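Everything on this sheet refers to the single structure shown next.
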Number of protein chains: 2
Amino acid sequence: MATKIRTERRTDALSKARIVEAAIEILDSEGEDALTFRALAARLSTGSGAIYWHVADKNDLLAAATDHVIAGVTADAVRGLRPQEVIRTLALGVFDAIHAHPWVGGQLSRNPWQDAVLRMLERIGSQVQALGVPERAQFNATTALMSFILGLAGQYAAGARVFPRHTDRSAFRKAFLETVAAKWAQLDPTEHPFVRQLATVLPEHDDREQFVAGIDLILAGMESVQ
Amino acid sequence: MATKIRTERRTDALSKARIVEAAIEILDSEGEDALTFRALAARLSTGSGAIYWHVADKNDLLAAATDHVIAGVTADAVRGLRPQEVIRTLALGVFDAIHAHPWVGGQLSRNPWQDAVLRMLERIGSQVQALGVPERAQFNATTALMSFILGLAGQYAAGARVFPRHTDRSAFRKAFLETVAAKWAQLDPTEHPFVRQLATVLPEHDDREQFVAGIDLILAGMESVQ
DNA sequence: TGATCTATTGGAACATCGTTCCAACCGTGT
DNA sequence: ACACGGTTGGAACGATGTTCCAATAGATCA
């Protein structure tokens, strides 16, 4: 028999899917740094060598985990007739995914050639096309949207890296922003007037609204150039 | 005597500035991964313990190196009367700095609370203000520009991570983009029509022009909302 | 059925890294 | 001359990603 159709050896047999699932659980509950092959092996009750039979290396594992999360976003059929609304919904889906899994942000911005980014590129690009942007400008417009999203993804991941795990994130976030704002408020007024002004609105600002505002700004730019 | 004014012990005495300088040399010539405390100690003909007396940890070292590069950009007096041109020049300065030192891109996007980012925020924000953007919208507009720049910074750093060191970067870059384009061209046409279309323009596109286009798109959005 | 074969497993071992620790050093002040 | 403290150099520690390999278990075949 040339092709081998393998039935599962045991119900708890190792597989890439099961490994990725366990990795995501660790990443979500204990943070980026907690994902080690030893911790993963312990959770799966196996050795690190067994994991390496299913996964090429840690990059491969993180890319698969990221793709798993992002696929859940891009798979949703997006409602809304106007392309602007579809783009906004897609982008917000990515934003919410990063909010729920901050490590995804770091992974997306660190490795732009992975499948997850390709998925986003396709979905957003097709809507840019539908928006009527001239073909020559579609490339720049789409990658501008992507760069903005990936840039914010990286910042979000950096923020999550500061917070301790297993705590009330929103409360800690507020305290953290207030600390930053306090530091900014003490900067030299002649050298940093704008940042000092930002400090007054920083602690109360809404991430999500800030994100949508950025998307809308780029969308508005696309319309005005058209 | 309460204050101690120390003359240098030797002309080759260790100092944070000298350490940062050596770190930048390693980062530029051998890439991000090559910067280890052992390599740094070897280049400075000392031990890692001595370095730790001047530098808190590797994050501190990388932040100082990044700040050194970015300070060189934001210190330049920017010419041009129109705020749009000033913003474009500033952004291009950062772009060129990242082009010359790809590791700066990774560092900027990974750690948005460091001094270098603060510098950029101040310079760009003040120009957004000069542009006449209403005060309530200044925060979102400025951070949108920053997110875009940081997003592209991360992608640029990721690209540099792929290339081997000590080679003709532009030639390798071309070959790499052609490889990516070839892979994209073989995707399922029904599932990835847009990315397949992008593949045709990917190898010849100009990074710098793409970057300016993104900046201009956001600037256009700011003007149209105004 | 029993022997064999191969995909898969579990964990020891290795190289490398960031970081800590500490004994020695050297210029300065008493 | 002596002691002191800022500074140095390198050994040592703990952790990580990865490799290596002997042992296993289920499928296949005689």
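As the structure is a computational prediction, the values presented were derived from the model and not from experiment. In what follows, chains are A, B, ... by sequence order, proteins preceding strands, each numbered from 1.
- Atom CZ of B:Arg43 and atom C1' of D:dG10 are 20 Å apart (whole Å).
- Rounded to whole Å, atom C1' of C:dC17 lies 13 Å from atom NZ of A:Lys58.
- Residue contacts for A:Ser45: at a heavy-atom cut-off of 4.0 Å it reaches the sugar-phosphate backbone alone, with no base atom in range.
- Protein atom CG of B:Leu40 is 12 Å distant from nucleotide atom P of C:dC17, rounded to whole Å.
- As judged by a 4.0 angstrom heavy-atom cut-off over every strand, A:Leu35 is placed among residues touching the sugar-phosphate backbone only.
- The distance between atom OH of B:Tyr52 and atom C1' of C:dT20, rounded to the nearest whole Å, is 9 Å.
- Atom CH2 in A:Trp53 sits roughly 15 Å away from atom C1' in D:dT24 (whole-Å rounding).
- Here D:dG17 presents its P atom at 18 Å from NE2 of A:His54, a figure rounded to the nearest Å.
- Within the 3.5 Å criterion, the main-chain N or O of A:Leu92 finds no donor-acceptor partner in the side chain of A:Arg208.
- Atom NZ of B:Lys16 is separated from atom C1' of D:dT7 by 17 Å (rounded to the nearest Å).
- Under a 3.5 Å cut-off, the side chain of A:Gln127 and the backbone N or O of A:Ile87 do not form any donor-acceptor pair.
- In this structure, CG of B:Asp57 is placed 14 Å from C1' of C:dC17, rounded to the nearest angstrom.
- No option in B:Gln114, B:Gln107, B:Arg119 other than B:Arg119 meets the side chain to side chain donor-acceptor pair (under 3.5 Å) test with B:Asp67.
- In this structure, A:Gln210 contributes its side chain and B:Asn140 its backbone to no donor-acceptor pair below 3.5 Å.
- Nearer the 5' end of DNA chain D, as judged by each residue's closest nucleotide, is the contact made by A:Arg38, out of A:Arg38 and A:Ala50.
- The side chain of B:Leu14 lies closest to D:dT8 when the candidates are C:dG10, D:dT18, D:dT8.
- Atom NZ of B:Lys16 has more than 12 heavy atoms from other residues, nucleotides or ligands within 6.0 Å.
- Listed candidates were C:dG11, C:dT9, C:dT19. Nearest to the side chain of A:Ser48 is C:dG11.
- Distances from the side chain of A:Phe37 to the nucleotides D:dT18, D:dT16, C:dA7 place D:dT18 closest.
- Listed candidates were C:dG10, C:dG18, D:dG6. Nearest to the side chain of A:Thr46 is C:dG10.
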